[in-house]
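This report concerns only the one structure given below.
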Amino acid sequence: MPRTRVKICGIRDDEALFGAAAAGADAVGFIFHKASKRFIDPEEAFELAALLPPFVATVGLFVDATFEQFSKVSEVCPTSLSQLHGSESVDLATRCGPGILKALRFDALTIDAELRKWDKVPEVEAILIDGSAGGEGTCFDWQALVKPAKLLRKPLIVAGGLSPQNVGEAIRLIRPFGVDVSSGVERSGRPGEKDLSLMEAFCAAVREADADASPRQVAEV
């Protein structure tokens, strides 16, 4: 079966950048939302991106930015993909595209309608479902996403509360295209400081879950 892609978000320094790439991450995320504890200046992100080895993608994360703000940052630090992680409209996503990852907060009452809406937007390359509604680092019941995930034609990325300990469960249940982690691979009590051993453990857990999965297991979920 296809392997699960890994994005490690909230990269702010070269140690974390090289550590993520060495661990096997397919993409690294730069957070351009100033209110975030993991914010990075676009100029600094551009310098880090230039250090990446081949075939590691970059993702710029925005939260409710205007098109003008998005464009200004993108001129300074163009990235492989752009993640819209707020309540952005379809019109804004269309203008910012192509190469958009649209993030949605999981809400059992609205998730089906939201997935159908964003699945139709050509500029959206993939949809990310953030299960951390209970707060950063909160463990999510991934079983709740099994049925909604089947509605999608676009690639699905799951995020929110993932760690080396639980990412395997999420993968075995949902079989997403990719997984996205930030706080789950950081030093305890130190937001934004990535732990190299945790990044290695996370990527290893993803590979193990991929190896364990089989068409029979997925069909029986």
Side-chain angles (χ1 to χ4, degrees), residues 1-31 36-40 48 51-53 55-59 61 81 83 85 101 103-106 126-146 148-149 155-214 217-218 221:
M1 295 189 67
R3 68 180 181 85
T4 306
R5 272 64 170 183
V6 176
K7 171 175 169 272
I8 296 180
C9 200
I11 298 296
R12 300 180 63 202
D13 55 62
D14 55 0
E15 181 184 25
L17 183 89
F18 294 135
D26 299 280
V28 295
F30 300 126
I31 297 179
S36 172
K37 300 174 183 177
R38 301 169 182 85
F39 169 77
I40 184 171
L48 287 179
L51 303 175
L52 280 169
F55 303 120
V56 180
T58 54
V59 181
L61 186 150
L81 298 162
Q83 181 173 326
H85 209 93
L101 305 180
L104 304 174
R105 289 281 184 182
F106 180 81
I127 295 176
L128 181 149
I129 299 182
D130 186 347
S132 59
E136 185 176 284
T138 302
C139 190
F140 180 69
D141 178 10
W142 296 107
Q143 185 70 46
L145 271 184
V146 173
L156 171 66
I157 301 167
V158 295
L162 289 176
S163 69
Q165 291 72 38
N166 65 19
V167 68
E169 177 189 2
I171 290 172
R172 292 181 181 96
L173 280 172
I174 304 169
R175 295 304 302 166
F177 174 83
V179 290
D180 188 350
V181 65
S182 184
S183 62
V185 292
E186 292 179 347
R187 295 184 175 94
S188 179
R190 301 166 76 175
E193 292 190 26
K194 296 295 186 277
D195 185 305
L196 301 185
S197 62
L198 287 178
M199 289 194 290
E200 292 175 357
F202 186 88
C203 291
V206 171
R207 291 192 292 269
E208 181 180 352
D210 283 347
D212 290 346
S214 70
Q217 289 173 312
V218 173
V221 170

- Message: List the residues meeting salt bridge (Lys or Arg N to Asp or Glu O under 4.0 Å) with Asp195, not counting sequence neighbours, and say none if there are none.
- Response: none

- Query: Given side chains that start at C-beta, do those of Leu51 and Phe18 come closer than 4.5 Å, heavy atoms only?
  - Reply: yes

- Item | Sub-4.5 Å side-chain heavy-atom contact between Ile127 and Pro155 | no

- Listed partners of Leu81 passing side-chain contact (heavy atoms from CB on, under 4.5 Å), at least two apart: Val59, Leu101, Glu125

- Between Leu48 and Ile40, what is the shortest heavy-atom contact and its length? CD1-CD1, 3.7 Å

- Query: Is it true that a side-chain atom of Asp14 and a backbone atom of Leu17 form a donor plus acceptor pair closer than 3.5 Å?
  - Reply: no

- Item | Any residue meeting side chain to side chain donor-acceptor pair (under 3.5 Å) with Gln165, in chain and number order, not counting sequence neighbours | Ser163

- Message: Could you check whether any side-chain heavy atom of Val56 comes within less than 4.5 Å of a side-chain heavy atom of Asp26, counting everything from C-beta outward?
- Response: no

- Query: With Ala209, which residues qualify under side-chain contact (heavy atoms from CB on, under 4.5 Å), at least two apart?
  - Reply: Ile171, Arg172

- Item | Heavy-atom side-chain proximity of Val167 to Val181 below 4.5 angstrom | no

- Message: Are the side chains of Val179 and Val206 in contact, using a 4.5 Å heavy-atom criterion?
- Response: yes

- Message: Whether Asp212 and Arg207 form a salt bridge (side-chain N of Lys/Arg under 4.0 Å from carboxylate O of Asp/Glu) is what I want to check.
- Response: no

- First locate atom CD1 of Ile157, then atom CD1 of Ile174, and finally report the distance between them rounded to the nearest 0.5 Å. 12.5 Å

- Task: Show your working on side chain to side chain contact (heavy atoms under 4.5 Å, CB included) between Leu104 and Leu128 and close with a plain yes or no.
- Result: CA-CA 6 Å; Leu104 304 174; Leu128 181 149; over 6 Å; no

- Item | Heavy-atom pair of closest approach, residues Leu52 and Ala57 | CD1-O, 4.4 Å

- Query: Looking only at heavy atoms, what is the nearest atom pair of Ala149 and Leu156, with distance?
  - Reply: CB-CD2, 3.5 Å

- Before accepting this row, confirm whether a basic side-chain N of the pair Asp210/Arg5 lies closer than 4.0 Å to the acidic partner's carboxylate O. no

- Message: I need the Arg12 CZ to Phe30 CZ distance, nearest 0.5 Å.
- Response: 12.0 Å

- Item | Closest non-hydrogen atom pair, Cys203 against Gly24 | SG-C, 4.1 Å

- Message: On a heavy-atom basis, which atom in Pro164 and which in Gly184 lie closest, and how many Å separate them?
- Response: CD-O, 3.6 Å

- For Phe177, does its backbone N or O pair with a side-chain atom of Thr4 as donor and acceptor, under 3.5 Å? no

- Residues forming a side-chain contact (heavy atoms from CB on, under 4.5 Å) with Leu196, sequence neighbours excluded: Glu15, Met199

- Item | Side chain Asn166, main chain Gly161, donor-acceptor under 3.5 Å | yes

- Item | Shortest non-hydrogen contact between Val158 and Leu145, atoms and distance | CG1-CD1, 4.1 Å

- Item | side-chain contact (heavy atoms from CB on, under 4.5 Å) involving Ala144 - partner list, sequence neighbours excluded | Phe106, Phe140

- For Lys194, side chain to side chain donor-acceptor pair (under 3.5 Å) partners two or more places apart: Glu186

- Task: Tell me, please, which residues at least two apart from Glu193 pass salt bridge (Lys or Arg N to Asp or Glu O under 4.0 Å).
- Result: Arg187, Arg190

- Task: State, yes or no, whether a side-chain contact exists between Lys37 and Ile31 at a heavy-atom distance under 4.5 Å.
- Result: no

